Structures are given as C-alpha cells and as structure tokens.
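In what follows, chains carry the letters A, B, and so on, assigned in the order in which the sequence lines appear, proteins first and then strands, with residues in each chain numbered from 1. For clarity, every value in this text was computed on a predicted model and none was experimentally measured.
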Amino acid sequence: MLHEFTKGLLKENPIFIIMLGLCPALAVSTQVVNALGMGAGVIFVLLGSNIFVSLLKDFIPEKIRIPSYIVIIASFVTIVDLVMQAYAPSLSRNLGVFVQLIVVNCIILGRAEAFANKRSLAESILDALGMGIGFTLGLLLISLIREVLGAGTITLFAVGSFDGVIRIPWLSSFPARVIGLATGALMVMGYLKALFNWLETKKEQSRQRDAVRSGL
Amino acid sequence: MKNILVSGGKLFIICAVAAVTLGGINAITEPAIKARKIQELNQALKALTPDAETSATEAVPDNPAIKAFYSVLKGGKTAGYILRIIGNGYSGEMKILARYERDGTIKSVKLMDNLETPGLGKKAEDPRYMEKFLRTGNRSRPVPVRKDMLQSAEADAITGATITFLGIARALAEGAQFVIEGEKKYAP
C-alpha cells in the first residue's frame, strides 16, 4: 500500500516520467518560491479531488465522469482561492495566480481518471500525496537550475529582516538570462528528461545483465 | 432514454451541490476579502504620503484609465494628487496607485492588484521597479513609455516583461497628463 505513495516521488514522477502538468511546471519555475507555492497548491487540490472522486466513484456514471471531475476540481480550486484571499492574504499574494492555474493542471484530472476512480479512499489519499510531492520535487529541481543560472539568486519566502533572496556571488552579476525565459525552460526540461531517460536505460541494462547472470 | 435522464440528473446534483457549497463559502469570505482590500488601499495611501494628509476620494466618472483621485494636503494646501489608475497588463487589468506633484511629476508609485506572471511581470510590485518612473512626468522629463527611453541597465531589467512595463508606463503618462490638464482647468 505504501507503494502508492512512494511511486509518485521518483518511479512515476508526474513531471519527468509521466510528463503531466508541463505547462504550469515550465511557466512557474522561474523562481524557487513559485515552485514551492505551486507545489503546495497542487498537493492540496489533488488531495481534495482524489478524495471526492474516490468517494463518489460508484455514484458518478461512466458517461459523465469527465464533466463531474472538472466540476469537483474547479470547486476545490475556487474554495482554496477564496479562503486564502480572505484569511491568508500574504500567502494569497504570493500564490494567487497559481491557485487558479491549478484547474488546468492535467495531473489532477489525470490522477482522478487513472487512479482515484478505481481505488479505495486510503489508496487515493496516498496517491495524491505521493504525486503532489513528486510534482513539487520536480518543480523545485527545474526552478533551482533556472533561477541559479538565469538570475544568480535563490528566492525563498521572506522572513523577518531576511528578504527571502539568496544572491550567489559572481553568478548574480553575470546571469545567463535566457535560462530564465521560456526558451530556457524548455532547454532545462529537455536536458532533465534526457538525464532521467539515461538513468532509466542504465537501470534496465543492469537488470537484464542480472537476469542473464542468474540464468547461467 | 432512462440512462440519459439518470446521467443528466446526477450531473445536475453534482453541479448543484458544488454551486451551493461555493455560494456558502463566498458568503463567508466576501466580507473578509472586501475589508482586506480596503485595508490594503489605506495602507498603500499612507505609504505614499508619509509627510502629508490625503483628502477624501473623488471619483473620475468618464475616464477609461483614471478611476479616482485624492488630493495630497500639506498644511491645508494641495501639494499634489494621488491617482487610482487602471493599466493594461499582460493578463488583464493592473491597479496602480501613483502620487504626482502639481506639475505632473511622479513622486511615488505602487502596483496594487494585478495578474502579471510571477517572476516576470510581477517584479513590478517591487518598489525598486518604479524608480525609473520617479521624477518624470513634467514638461522637461516625460514619462518613459518606450524601452529606448530607459538607461540600458533599466531596459535589461524589464526584458521578458515588456507588456507589463508598457502598461504601467502608459498609465502613468496618462495620469501625468490628467494632473497637468486638471491643474490648467482649475487654476485660479
């Protein structure tokens, strides 16, 4: 059962392996703080939608499942947005735009369709947490590379006298700005995907070698 | 036939439950959101006028960009104006609060509600972003409304968010014009 949680972290990572949710991933990975914000929003909405889709799986007829899921997801996003605006204004200022973007994040609909509508409540909750955290980790990796190379900074939440920005000497004076723009997003994503593919093939090869060896 | 009715009915129930839930949550959160907006506006007004008082708001009815203005009062005399301006950003309206001297010179600017892209256009919320507009807007120094009117370091900083820059610059130029014309019209 715990496998449903851990699979989203690496083995079925939504960004690098399943390749879902790429538009928001590339759009908001300009700064580390944005990646954290988007990740938190996605974990929350994914959890809510997986719970409700799993609970309602016997109620929702096959034919109208997609519109039903969309209504559930959109309601959840709106609730999060309104509650944050009212009671967590500073959080809402940082994440406001991302929260509305989550409606069109295909990871949420993807997990509802591929997982939560067939599985038990507990499994769906674990799946949502694993996939959400996996998405956040992927975003963090992309945004870390993009912000460090593209701006020479690492932006986190401002706390007290610390303004939230770590400036890397030398790099922040001569950043490769292209990495921070859309072109850079696609480049970084491409290289990371290549890296993950390479790791995958290497693992596959060693598995085959082991199989051959044990066959002898 | 029966199938369609059952499916339709169930979808209707889901939508109805969602609508009622959202309506309820909106009813709870709306007053809090409104109060916060007013509080934010007042805080911004205070931040723009640390050295003076502001008059009550006066609406500007038939102007597409300028929604309202306040007079900045120093010792009972009008020392300038604060304008509430709407600019066109990359994704929708940007609310801008700008303080002008009586000759149209921009004294301070604050970007309020906006939907700009985080990491690009959103950088305009940083007070340092507005420095390039300060002390412009009068006859001798117009508001920079094109990239080539900026110094190269400033122009580099807005790369990737040109639309946001243009939206703010045009709104501020419009505001300066409004102040200059208003002064002319009502000057004793």
Side-chain angles (χ1 to χ4, degrees), chain A residues 27-35 37-38 52 56 59-90 92-98 100-101 143 146-147 150-151 155 163 165 175 177-178 180-184, chain B residues 2-40 43 89-92 111-123 125-128 153 155-162:
Chain A
V28 306
S29 58
T30 49
Q31 290 186 326
V32 175
V33 64
N34 297 346
M38 184 67 168
F52 273 84
L56 292 171
F59 174 78
I60 299 173
E62 168 85 14
K63 265 190 194 146
I64 56 150
R65 62 184 198 288
I66 301 288
S68 308
Y69 300 162
I70 299 271
V71 170
I72 292 171
I73 295 166
S75 311
F76 241 94
V77 169
T78 314
I79 290 172
V80 173
D81 189 28
L82 286 176
V83 169
M84 264 183 20
Q85 275 189 44
Y87 303 113
S90 63
S92 159
R93 243 192 311 278
N94 281 327
L95 312 183
V97 187
F98 308 131
Q100 287 148 21
L101 271 177
S143 65
R146 285 185 68 194
E147 202 188 345
T155 311
D163 69 347
V165 182
R177 272 189 212 286
V178 66
L181 301 176
T183 327
Chain B
K2 193 179 159 239
N3 227 337
I4 292 174
L5 283 181
V6 170
S7 300
K10 284 187 169 178
L11 188 56
F12 175 78
I13 292 172
I14 292 173
C15 290
V17 171
V20 169
T21 316
L22 286 181
I25 287 178
N26 186 47
I28 299 168
T29 54
E30 205 190 0
I33 293 171
K34 239 185 202 156
R36 178 171 74 82
K37 288 258 153 80
I38 293 171
Q39 196 195 348
E40 266 175 15
Q43 269 173 3
Y90 187 67
S91 34
L111 179 63
M112 308 290 289
D113 287 350
N114 65 83
L115 300 164
E116 299 310 288
T117 317
L120 295 171
K122 270 258 186 230
K123 282 185 188 156
E125 287 180 352
D126 189 331
R128 274 169 297 177
D156 278 351
I158 62 166
T159 296
T162 313

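When the shell of 6.0 Å around CD1 of B/Ile4 is examined, it contains 12 or fewer heavy atoms from other residues, nucleotides or ligands.
Between B/Asn114 and B/Glu125, the shortest heavy-atom distance links the atoms ND2-OE2, 2.9 Å.
Proximity to chain A is absent for every atom of B/Asp113, based on heavy atoms less than 4.5 angstrom apart. At a 4.5 Å heavy-atom cutoff, the contact between A/Tyr87 and chain B is made by side-chain atoms alone. Heavy atoms of A/Ile79 lying under 4.5 Å from chain B belong to its backbone as well as its side chain. Heavy atoms of B/Glu40 lying under 4.5 Å from chain A belong exclusively to its side chain.
Residues that satisfy the side-chain hydrogen bond (donor to acceptor under 3.5 Å, both in side chains) test with A/Arg177, not counting sequence neighbours, are absent from this structure. Partners of A/Gln31 according to the side-chain hydrogen bond (donor to acceptor under 3.5 Å, both in side chains) rule, which considers only residues two or more places apart in sequence or in another chain, do not exist here.
Residue with the most contacts toward chain B among A/Gln85, A/Lys63, A/Glu147: A/Gln85 (heavy-atom pairs, distance under 4.5 Å). Listed options B/Leu22, B/Ile25, B/Asn26 were ranked by heavy-atom pairs under 4.5 angstrom with chain A; first place goes to B/Leu22. Each of A/Thr30, A/Ile64, A/Val71 has some count of heavy-atom pairs under 4.5 Å with chain B, and the biggest count is that of A/Ile64. Looking only at heavy-atom pairs under 4.5 Å with chain A, the residue among B/Ala32, B/Ser7, B/Pro31 that has the most is B/Ser7. Each of A/Ala74, A/Ser75, A/Ser29 has some count of heavy-atom pairs under 4.5 Å with chain B, and the biggest count is that of A/Ser75.
A/Ile60 has its side chain out of reach of B/Leu11: every pair of non-hydrogen atoms, C-beta onward, lies at least 4.5 Å apart. Side chains of B/Tyr90 and B/Thr162 form no contact here, defined as non-hydrogen atoms less than 4.5 Å apart.
Side-chain rings of A/Phe52 and A/Phe76 approach one another, their centers coming within less than 6.0 Å.
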